[in-house]
Student: 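First, the structure itself, so that you have it in front of you.
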Amino acid sequence: MPPTSPKKHGGEQQPDTNSGQKSQRSKAARVSDDAADKKTRRLKDAEISFPIVYGTISFWLGKKASEFNSHKWTVYVRSATNEDLSVIIKRAVFQLHPSFNNPTRVVESAPFELSESGWGEFEIAITLFFHNDVCDKQLDLYHQLKLYPEDDNGPQSTKKPVVVETYDEIVFSEPTEAFFLRVQNHPAAFVPRLPAGLNLPLPGPIEHVNEKKRGDTKDHPLSQWFMNFSEADELLKLAAARQQVILWQE
């Protein structure tokens, strides 16, 4: 399977020879406003964004490598702060190279990822589908799988993977009231703009969730290789500060 040329999708490449990160901002399509109830009523002055990261981590197989199976890799979409994204994402579809068996892979629950092995680099199309109260349109992302370090003369390692990640923000402008109220206190969400005159309820009690069923990636087996994005950290701080101001005002 011959490599294909990469498709640019915003952001800057990191100088690290074994890793890369990019940054951009995507706007989700709006849902039509055709009713005056909570499920469809739109908050005209509100905006919700979810910082995400999508990318690949690939490991050279070393002595186990063959001509047509040299690397094992994982492609994924995660929260920039490693929180559970299933609050907005219903399913993710990964479109692999046609040479793979069943190249269209559908992941119905978090974590939204898949692992494969092979020898060639190619572009992976990632399509995100959202819950009904979030958005009725899909979001298409594109990522170039990278198996080899930028420095072709450098030795490959079975222990240090090649990591390429892109930072992005999914922005929902004028969300429905139901969606806004459901996710406003979710740790993965950032609310940079509040609707005028909306009284936010206090955060509810934290639900007790079985650790094995959690959709976050904080304890993911590959988390040691995930990149830290300072912008996502700043968004989290701003969201926390915003919530404190709201509580003080009440």
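Computed from heavy atoms alone, side chains included, the values below leave out hydrogens, waters and symmetry copies.
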Student: For the backbone of Val87 and the side chain of Arg182, can you confirm whether one donor and one acceptor N or O come within less than 3.5 Å of each other?
Tutor: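 Checked: pair present.
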Student: Measure centre to centre between the rings of Phe122 and Phe100, then say whether the value is under 6.0 Å.
Tutor: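 Yes - the distance between ring centres of Phe122 and Phe100 falls below the 6.0 Å cut-off.
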Student: Does the side chain of Leu114 reach to within under 4.5 Å of the side chain of Trp73, using non-hydrogen atoms?
Tutor: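 Touching, per the 4.5 Å side-chain cut-off.
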Student: Within the 3.5 Å criterion, strictly below it, is a donor on Thr127 or Gln138 matched to an acceptor on the partner's side chain?
Tutor: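 There is no such pair (donor and acceptor under 3.5 Å, judged by atom type) between the side chains of Thr127 and Gln138.
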Student: When you compare the side chains of Thr56 and Ser58, does any donor N or O come within less than 3.5 Å of an acceptor on the partner?
Tutor: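 Absent: no donor and acceptor within the cut-off.
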Student: In the structure I gave you, are the side-chain heavy atoms of Val75 and Leu145 within less than 4.5 Å of one another anywhere?
Tutor: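 No. Closest side-chain heavy atoms not under 4.5 Å.
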Student: Using every non-hydrogen atom in the two residues, find where Gly215 and Ala110 come nearest and quote the distance to one decimal.
Tutor: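 Minimum heavy-atom separation between Gly215 and Ala110: O-CB, 3.6 Å.
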Student: Report yes if the distance between the aromatic ring centroids of His71 and Tyr148 is under 6.0 Å, otherwise no.
Tutor: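 Judged by ring-centre distance (under 6.0 Å), His71 and Tyr148 do meet the cut-off.
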Student: Does the side chain of Ser66 come within less than 4.5 Å of Asn69's, by heavy atoms?
Tutor: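 When only atoms from C-beta onward are counted, Ser66 and Asn69 do touch, with a gap below 4.5 Å.
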Student: Please test Val107 against Glu113 for side-chain contact (heavy atoms from CB on, under 4.5 Å), starting from the C-alpha separation and ending with a verdict.
Tutor: CA-CA 7 Å; Val107 180; Glu113 65 181 25; over 6 Å; no
Student: Classify the ring geometry between Phe50 and His186 as parallel (under 30°), tilted (30 to 60°) or perpendicular (over 60°).
Tutor: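 Phe50 vs His186 ring planes: tilted.
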Student: May I ask you to test the Ile124-Tyr142 pair for a side-chain heavy-atom distance under 4.5 Å?
Tutor: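 A side-chain contact is absent here, since even the closest heavy-atom pair is not under 4.5 Å.
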Student: Would Arg91 count as a cation-pi partner of Phe112, with NZ or CZ less than 6.0 Å from the six-membered ring centre and within 45° of the ring normal?
Tutor: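 Judged by the rule (NZ or CZ under 6.0 Å from the ring centre, within 45° of its axis), Arg91 is not positioned above Phe112.
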Student: Counting C-beta onward and ignoring hydrogens, is there a side-chain heavy-atom pair between Phe226 and Val163 closer than 4.5 Å?
Tutor: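 No, too far: nothing below the 4.5 Å cut-off.
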Student: Give me the atom names and distance for the closest heavy-atom approach of Pro149 to Val162.
Tutor: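 Smallest heavy-atom distance, with atoms named: N-CG2, 3.8 Å.
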Student: Which heavy atom of Ala92 sits nearest a heavy atom of Leu128, and at what distance?
Tutor: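 The answer is CB-CD2, 3.8 Å.
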Student: Say whether Phe59 and Leu61 are linked into one hydrophobic cluster, either directly or through other cluster members, by side-chain heavy-atom distances under 4.5 angstrom.
Tutor: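 Shared cluster, no.
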Student: Do NZ/NE/NH1/NH2 and the carboxylate oxygens of Arg42 and Glu177 come within less than 4.0 Å?
Tutor: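 Salt bridge between Arg42 and Glu177, a charged N being under 4.0 Å from a carboxylate O: no.
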Student: Would you confirm whether Glu121, through its side chain, and Leu147, through its main-chain N or O, come within 3.5 Å as a donor-acceptor pair?
Tutor: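 Yes.
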Student: In terms of side-chain heavy atoms, does Tyr76 have a donor or acceptor partner in Glu165 at a distance below 3.5 Å?
Tutor: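 Yes, because at least one side-chain N or O of Tyr76 sits under 3.5 Å from a partner of the opposite role on Glu165.
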Student: Looking at side-chain heavy atoms only, is the closest gap between Val93 and Phe129 below 4.5 Å?
Tutor: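 They are in side-chain contact.
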Student: Taking all non-hydrogen atoms of both residues, which atom of Arg78 and which atom of Asn82 are closest, and how far apart?
Tutor: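 Between these two residues, the closest heavy atoms are NH1-OD1, 3.1 Å.
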Student: Please report the shortest heavy-atom distance between Ala188 and Thr81, naming the atom on each side.
Tutor: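 In terms of heavy atoms, the two residues are closest at CA-OG1, 4.5 Å.
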Student: For salt bridge (charged side-chain N to carboxylate O under 4.0 Å, His left out), just list the numbers for Lys72 and Glu116, CA-CA rounded to whole Å, side-chain angles, deciding distance to a tenth of an Å, and then say yes or no.
Tutor: CA-CA 6 Å; Lys72 181 178 180 179; Glu116 262 293 355; over 6 Å; no
Student: Do any N or O atoms from the side chain of Thr158 and from the backbone of Trp60 form a donor-acceptor pair under 3.5 angstrom?
Tutor: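 Not at all, since once roles are kept as given, no pair shorter than 3.5 Å links the two residues.
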Student: Within the structure provided, determine whether Phe179 and Ile48 are in side-chain contact (heavy-atom separation under 4.5 Å).
Tutor: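 Counting from C-beta outward, Phe179 and Ile48 do come under 4.5 Å.
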Student: Say whether Asp168 and Thr166, considering side chains only, have a donor N or O and an acceptor N or O under 3.5 Å apart.
Tutor: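 No.
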